[in-house]
Enquirer: 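Below is the structure I would like to discuss, written out as structure tokens.
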Amino acid sequence: MKALCWFGPNDVRVEQVADPQLLNPGDAIIKVSSTAICGSDLHILQGFIPGMQRGDILGHEFMGEIVEVGTSVTSLRPGDRVVVPFTIACGNCQYCRQEYWSLCDNSNPNAQIAEKLYGSSASGLFGYSHIFGGYAGGQAEYVRVPFADVGPIKVPDHLSDDQVLFLSDIFPTGYMAAENCSIRPGDIVAIWGCGPVGQFAIKSALMLGAGMVIAIDDVPERLLMAAAHGNVQTLHYGNVDVLTELSHLTGGRGPDACIDAVGMEGHGMGPLAMIDQVKHTLKLATDRPTALRQAIQACRKGGIVSIPGVYGGVVDTFPIGAVFNKGLTLKGGQTHVHRYLRPLLERIDQHDIDPSFVITHHLTLEEAPHGYEIFREKQDQCIKIVLSPQAS
Amino acid sequence: MWFCHTTVAQFWQYLCQPGGIQLAGICRIATRHVRFEQYKGVDMNRVDISTPKPALKRRATASTSPQMLLPMAERLALALAGVALVGIGNQRTLQRLPGTLIGLGSVVIATVGYRAALEYITKPARQPIIVSRTINRPAADVFAMWQHLEALPPYLEHIDAITTIGSATSVWEAQTPFGMPLTWQAETTEVIADNSIRWRGILAPIATHTGTIEFSPAPGGRGCQVTVTLWYTLTSGLLAALGQPIVDTAITSWIDTNILRLKQRLETGQQITTQGQPAARKSAAPAIDPARLRATTRTPDEVTRDSQDSFPASDPPAWMAGNKEQL
């Protein structure tokens with residue numbers, strides 16, 4: 001089959017690889033109908049995620065048709081159309097039982113490596129390095145899905161791929177980011193980063209009752225898309241001083257909750273952002289916490305900083321004094337996708353939201369390397385790319 | 001690969017420490033002897049707080065007293081062995097790195113000549129190896145797995161076979177990562193049902209060991225805490241002793257891997273793996289060993305049946321109960 005493989009920093013190619021096989025009785029093989037390039041795939045593309053090996057298949061947002069199931073799979077049959085959560089969960093461990101699906105104890109076969117880095121291991125992830133299990137990703141014609149009874153959700157035929165594909169990651173991720181803000185009516189939520197997750201965080205914050213959302217980015221088309229969601233104030237961080245502007249917009253209080261939908265490759269203005277960039281380039285730092293630092297600085301006393309953006313290692317110049325003295329709460333983590341699949345599918349089905357608004361490009365799998373390039377460079381007004389592995 | 005993994009992990013942990021701690025670690029080797037003289041015979045884990053602390057005597061022993069230095073012959077032997085190891089290890093591959101590091105260490109110790117420096121790494125069985133994990137199953141279920149030792153090898157890493165002789169003795173056949181077969185005999189010395197098993201074993205001529213495995217209920221219905229405690233003494237020569245920290249890490253990692261595998265088996269009924277998946281590299285050719293597949297396909301052996309009876313692995317999570325057909 002054809003698959004999009006990683007060969008080194010900024011080197012991804014479509015290669016012919018072996019077809020996936022069932023490795024466990026709980027597995028299923030899925031013929032991928034649609035798959036997307038995630039902003040967090042760009043961290044891998046640029047070589048900032050450790051534990052990648054040459055030839056690894058990327059992709060963790062995908063859906064398709066079941067073509068084969070293992071002997072113990074009971075809830076799915078060949079022919080079923082499913083969306084697959086990007087976090088892999090066993091459904092039986094202490095964490096899964098408490099619905100902390102992305103913290104599954106069992107799904108990462110390389111848990112001991114992750115434990116060396118983080119103390120404990122989170123769940124396995126599709127196409128996201130060998131630290132998170134080395135699972136082959138979904139930017140391919142076929143993919144093996146473990147724990148098929150637990151993760152994949154069947155989707156009704158009257159909803160198109162574009163409408164339901166993002167249940168695999170970015171819609172639940174944006175939603176959980178907003179839910180983590182414990183929004184009360186009238187709350188002002190500031191969101192750093194208006195990429196796809198940022199867009200869904202904005203939508204979700206409004207759905208959860210936020211009075212106003214302040215969206216921060218420097219890409220015009222992303223700010224325009226954000227502004228279209230309703231009561232959204234946009235800030236171009238290249239044109240205004242974000243902290244001053246946020247203070248003005250909130251009567252000097254600061255936003256009630258801040259969402260960092262940027263993660264480890266933050267950009268920004270000012271000397272600290274430049275130092276971050278230099279350290280990151282020289283590999284003296286694993287992450288650039290530019291947006292996170294600003295979010296903590298801006299947040300009101302007793303507020304919440306929610307972090308859906310991916311971070312991988314350690315950061316310095318972290319404003320712990322602000323966290324402590326303002327009594328802030330930090331919430332992060334990979335998304336417990338399984339928890340949101342059914343409620344969010346219902347909202348799509350009831351036309352509360354059509355997630356396809358975020359798509360700007362449809363490409364074939366062969367065009368994926370080009371897709372990665374325009375997504376990375378934010379060329380051609382690219383916000384979200386959907387690949388069709390079965391099209392040629 | 002396995003050897004590399006443990007060494008790289010150690011190196012990573014070392015790198016994660018701030019520079020001050022690394023320096024302190026080096027200083028500790030030099031000062032350990034002096035500091036420990038004052039506390040001789042005191043078990044640090046069971047200090048009776050009613051006993052007055054021994055008065056701190058700075059430099060209780062003269063820093064250059066002859067008994068603190070290694071005899072010249074031992075130093076020479078150590079230096080030669082070290083140089084030889086560095087020579088063998090002087091390749092540009094990671095696999096040879098541990099040998100080179102041990103060699104360099106030997107040369108440094110030989111040059112410094114402090115007995116304390118050598119004792120720091122060669123003192124046998126200073127601390128037991130302790131590995132602990134929590135399995136989301138009742139203690140009785142986990143204990144039950146140890147009642148059928150012969151059925152365990154398919155779930156364990158590097159263990160080829162376990163044969164029981166009578167009720168208390170078992171013979172374990174293992175493969176080391178270097179392909180050297182190892183066989184040892186273990187004798188169960190105490191069994192408390194659903195609670196703990198104590199054993200002693202002989203791995204002639206390399207080591208003797210005693211160990212316990214305890215199964216204790218985790219608080220708040222969190223399942224069962226499995227704790228393996230292992231005391232071992234290497235009986236081989238100087239080089240093996242020099243490698244003790246690496247042996248420690250390797251054994252710890254090996255026990256931990258196997259407890260993890262049993263946890264996966266008990267909680268999910270599967271052995272979690274990504275071996276045999278496609279990737280665009282030669283080593284990823286999907287060669288699946290049919291024997292392994294059979295091991296993961298549920299044969300109704302006693303262990304699997306026991307675990308299935310009490311908690312079917314295909315059970316949906318609690319929140320899905322009742323609406324499974326809607327999936």
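Computed over heavy atoms, backbone and side chain alike; hydrogens, waters and symmetry mates excluded. Note on naming: letters A, B, ... go to the chains in the order of the sequence lines (proteins, then strands), and numbering restarts at 1 for each one.
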Enquirer: For atom OH of A/Tyr340, is the number of surrounding heavy atoms from other residues, nucleotides or ligands below 6.0 Å larger than 12?
Expert: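 Buried by this count: over 12 neighbours within 6.0 Å.
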
Enquirer: How far apart are the closest heavy atoms of B/Asn136 and A/Cys93, and which atoms are they?
Expert: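 Closest heavy-atom pair between B/Asn136 and A/Cys93: ND2-C, 3.5 Å.
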
Enquirer: Which atoms form the tightest heavy-atom contact between B/Pro278 and A/Ala136, and what is the distance?
Expert: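 Where B/Pro278 meets A/Ala136 most closely, the heavy atoms are O-CB, 3.9 Å.
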
Enquirer: Side chains of A/Gln112 and B/Ser253: do they bring a donor and an acceptor to under 3.5 Å?
Expert: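 Not at all, the side chains of A/Gln112 and B/Ser253 share no donor-acceptor pair under 3.5 Å.
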
Enquirer: As an exercise, state the distance from SG of A/Cys104 to CD of B/Glu267, rounded to the nearest 0.5 Å.
Expert: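 The CD atom of B/Glu267 is 8.0 Å from SG of A/Cys104, to the nearest 0.5 Å.
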
Enquirer: Is the OH atom of A/Tyr95 crowded by more than 12 outside heavy atoms at less than 6.0 Å?
Expert: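 At most 12 heavy atoms, drawn from other residues, nucleotides or ligands, come within 6.0 Å of this atom.
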
Enquirer: Given B/Thr268, which partner from the list A/Asn24, A/Asn106, A/Asp105, A/Val150 fulfils the side chain to side chain contact (heavy atoms under 4.5 Å, CB included) test?
Expert: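 Of all the options given, the one that passes is A/Asn106.
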
Enquirer: Looking at residues at least two apart in the chain, or sitting in another chain, which of them share a side chain to side chain contact (heavy atoms under 4.5 Å, CB included) with A/Pro109?
Expert: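 A/Pro109 satisfies side chain to side chain contact (heavy atoms under 4.5 Å, CB included) with A/Tyr135, B/Ile272, B/Thr274 only.
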
Enquirer: Given the options A/Met1, A/Glu15, A/Arg144, A/Gln94, which has more heavy-atom pairs under 4.5 Å with chain B than any of the others?
Expert: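 Among A/Met1, A/Glu15, A/Arg144, A/Gln94, the one with the most close pairs to chain B is A/Gln94.
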
Enquirer: Who passes salt bridge (Lys or Arg N to Asp or Glu O under 4.0 Å) against A/Glu115, sequence neighbours left out?
Expert: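 Salt bridge (Lys or Arg N to Asp or Glu O under 4.0 Å) check on A/Glu115 returns B/Arg133.
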
Enquirer: Who pairs with A/Tyr142 by ring-ring contact (aromatic ring centres under 6.0 Å, His included), at least two apart in sequence or on another chain?
Expert: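 With neighbours one apart ignored, the set is empty.
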
Enquirer: Could you tell me the separation between the CD atom of B/Gln277 and the CG atom of A/Asp19, rounded to the nearest 0.5 Å?
Expert: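 Reported to 0.5 Å precision, the distance equals 13.0 Å.
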
Enquirer: What part of A/Pro146 is in contact with chain B, defined as an atom under 4.5 angstrom from a non-hydrogen atom: side chain, backbone, both or neither?
Expert: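 Looking at A/Pro146, nothing touches chain B.
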
Enquirer: For chain A, which of B/Thr134, B/Leu260, B/Thr257 has the most heavy-atom pairs under 4.5 Å?
Expert: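 Heavy-atom pairs under 4.5 Å are most numerous for B/Thr257.
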
Enquirer: At what distance, to the nearest 0.5 angstrom, does CD of B/Gln270 lie from OG of A/Ser107?
Expert: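 Those atoms lie 11.0 Å apart.
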
Enquirer: Just checking heavy atoms, which of residues 3-13 of chain A are less than 4.5 Å from chain B?
Expert: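 A/Cys5, A/Phe7, listed by number.
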
